[in-house]
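To keep things clear, I will list the structure first and then write my remarks on it.
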Amino acid sequence: MRPTPIVCLMLFLLFMHLMVPALAASDSDEDDDDDEVTFKDFTLDIGDRIDLGDYQMELIDVQSVADGLAVMRVSKSGGALDEQRAFLVDSANNFDGGAESDGVTVTVTDILDETSVKVRVEYRESLGTARKRASERPAAFPDKPQILVEKSFDKNQIRVGDEVKVTITVKNTGTGQALGIAVQDLPPLPEFSYVVGYPPKIKETLDPGQSDSAVYVMNAVKEGSIRVPAVQVSYTDKKKNSLSNNSDAFNIQINPKSRAELAIDLEGPASIPLEGEAYVNVSLKNMGSAPATRIVVEGEIKPAEGLAATNLDRSIFEIPPGGEENYSLRLAGSSPGDYAIRIQAGYDGGDGSLKEEASLKVAVLEREYKYQYLLLTIPIAIVALWMYRRYREYKY
Amino acid sequence: MLNVLMLGVGQCGNRILDAINKEAFGGSSASKLAKYYLKPKFPSRVETLAINTAVNDLKELRFTTAKDRLHVPNLHGVGANRNVGKQAFMDNRDMIMGEIEKRGDFDLAFVITSTSGGTGSSFSPLLINELKRQYRNITVITVAVLPFREEGSIYMQNAAFSMRELMEVEAEGIILADNQYMKRFSGDIASAYDKINGMIAQRLLFLVESLDSEMLSVTDLGDFKTVMNGGLRIGTMGFYQADSKNLSIRDAIENSLKPANLLYPANVTDDAARAMIIIQGSREHLDVDEITKEVERLSASAGHVFKGIVVKKGRPKVLSVFTLAAAPELEGIYAQAARAMQDEKERRTRARKQLDDAFAHIEDLEEIY
């Protein structure tokens, strides 16, 4: 069978199609001596561009640092080329056939951050020299969320048994919308028992400047110094970039439970003379953090005979924390000996009934003869003088 | 109250006076330290004065105060020489009498002396005269102590002459105590002297107490003078304290007159001229009938007997004072003294002759050098 003319035409065209580039290539090979392909690396911020002959390559956006996507616009004077394309890192993008075909090949070699990338431009030297043109307009930052998280207690001084409100505050201080906000607070501490509100619930989306908070209530159950761990918040921006932040960890002190603590102080002489009087100052001081109420003071002296005291018993309505109540006992000793004055105070200390006691030892002295030694020395002196006088009287 | 002066002259007199002062502190029961814490307790106002030319004799005294010791400065004693003693007294008469005068006025004075020593035997007669001259109404009794017979010729000679002078002065009487007689006390010489001195002191103070007491039956100083003026004006004293086994007052009186309880050997029944019996004791022991019978029995031999009864709690005590109508013992002393003096004289003549014979060997010779 003889080929048809159509087939022959098609074969011719195919031949031509294959041969013309080969001829052209052979021509370019001849030109390679002074028109080689070269490349140049640039660091571009958003808005910056590279000028190369009629080409302009501008960084429009960094779409995703994580995914390695940046958006660049490549255009050509005269409007022959104007294309905005997403560039994948390390993936060459040819324009006008690429550098091998008198076009340009643009590759994003690295995405530095949300606003800057590294770009390599490959081109024939005949196109000229690639130069970076910094953007004259202010850098247009991309909308980016910035979530600040804070954890606070409503009390500075916490005592065992106190109810504490814990507030988790989340605020978007960035320029972009935060999405998928999730707060991660640590499980309950052994020093607290949670009452209500845990886990804290925060809006999942916060527009720039918007904030949200959650409160939960705990009871302090154990005293001690506690390190409150940081609260972590995780979110994404519109570009699905995962972001996170956390609050500062801090210390709190849980003090023992608030209650009154009476201290009784007895001040008086260690001894009093027989038939003499003395005063004992009684001081009731509330050293605790709660008022002591319904205080009943009772006193007794052992042995009961020989030392009398007034004001041994009395009632006091209240002694506030840090407060003090003072009064005096008047002692009168009628029989020598050692005595113990015991003062006992029963009171309501805010944590049930409490008792406190103190004692003071007082000696009633034997009748004191201030110059008792004279009882011995004077008679001896008199006798000695008498005997000396007699000696002199009889000495011859 | 009687004002009594007791003068102890010479060593013997000083010691008896010291015993009297000791008796005032409690007698033999008094400790040596009694004078430091007790006051002497005399029955009346009694002033004592010890006079001596020997200062060492005065220093020996223990119970006599210093102000009651009068030293008559004459070397250290008169050496038993009565002539020296008399001269020393005369030289210091004013000083001695001045010391006595300082002690006030007196009703009764005892001059206690040994008859044999130097100071006592020579001072006492002169002192008695001075007392009589100075105190017109004073009764002076000499308590004279006779020496041991073997003490030596000078002592015997002194005793003889001293006794004669004492009897010649105007004293109301002499109470004799004879050392020889009391030699019978056992023990060493010091304790024997102490015993004799104690006995004399006890009797004298008992006498003073009795004369100054309110008696059931009264005797006083006048009666005592009458007794002492009786007989030879020489007397002695006896004393007896009944023991618990025999409280009979009659026996006590009898015992007080027995030789064993006298100071001088005398036979009361035969020799007593006048007597005084002073009885002291609890009322229940003082049986008046017995006392009367015994006094009557004594009166039958002694002439007059004064009796004094002092009621005082205790066992019966009896003091008998009597004067003698005869003193044969004294005659013996004088005879012995005379012999001793004669012997002394002969010894001295012999010695002189021997010395002269010895000197004769160098007669007509000159010392050659």
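The figures that follow rest on heavy atoms only: side chains count, while hydrogens, waters and symmetry mates do not. To find a chain, count down the sequence lines: A is the first, B the second, and so on, and within it residues start at 1.
Around atom CE of A:Met287, no more than 12 heavy atoms belonging to other residues, nucleotides or ligands sit under 6.0 Å away. Around CD1 of A:Ile158, the count of heavy atoms belonging to other residues, nucleotides or ligands within 6.0 Å exceeds 12. Shown here is A:Lys302, whose NZ atom has no more than 12 heavy atoms of other residues, nucleotides or ligands within 6.0 Å.
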Between chain A and chain B, donor-acceptor distances below 3.5 angstrom:
unit_1   : atom_1 : unit_2  : atom_2 : d
A:Trp386 : NE1    : B:Tyr36 : O      : 2.6
A:Arg390 : NH1    : B:Lys35 : O      : 2.3
A:Arg390 : NH1    : B:Leu38 : O      : 2.3
A:Arg390 : NH2    : B:Leu38 : O      : 2.8
A:Glu393 : O      : B:Ala66 : N      : 2.6
A:Tyr394 : O      : B:Arg69 : NH2    : 2.7

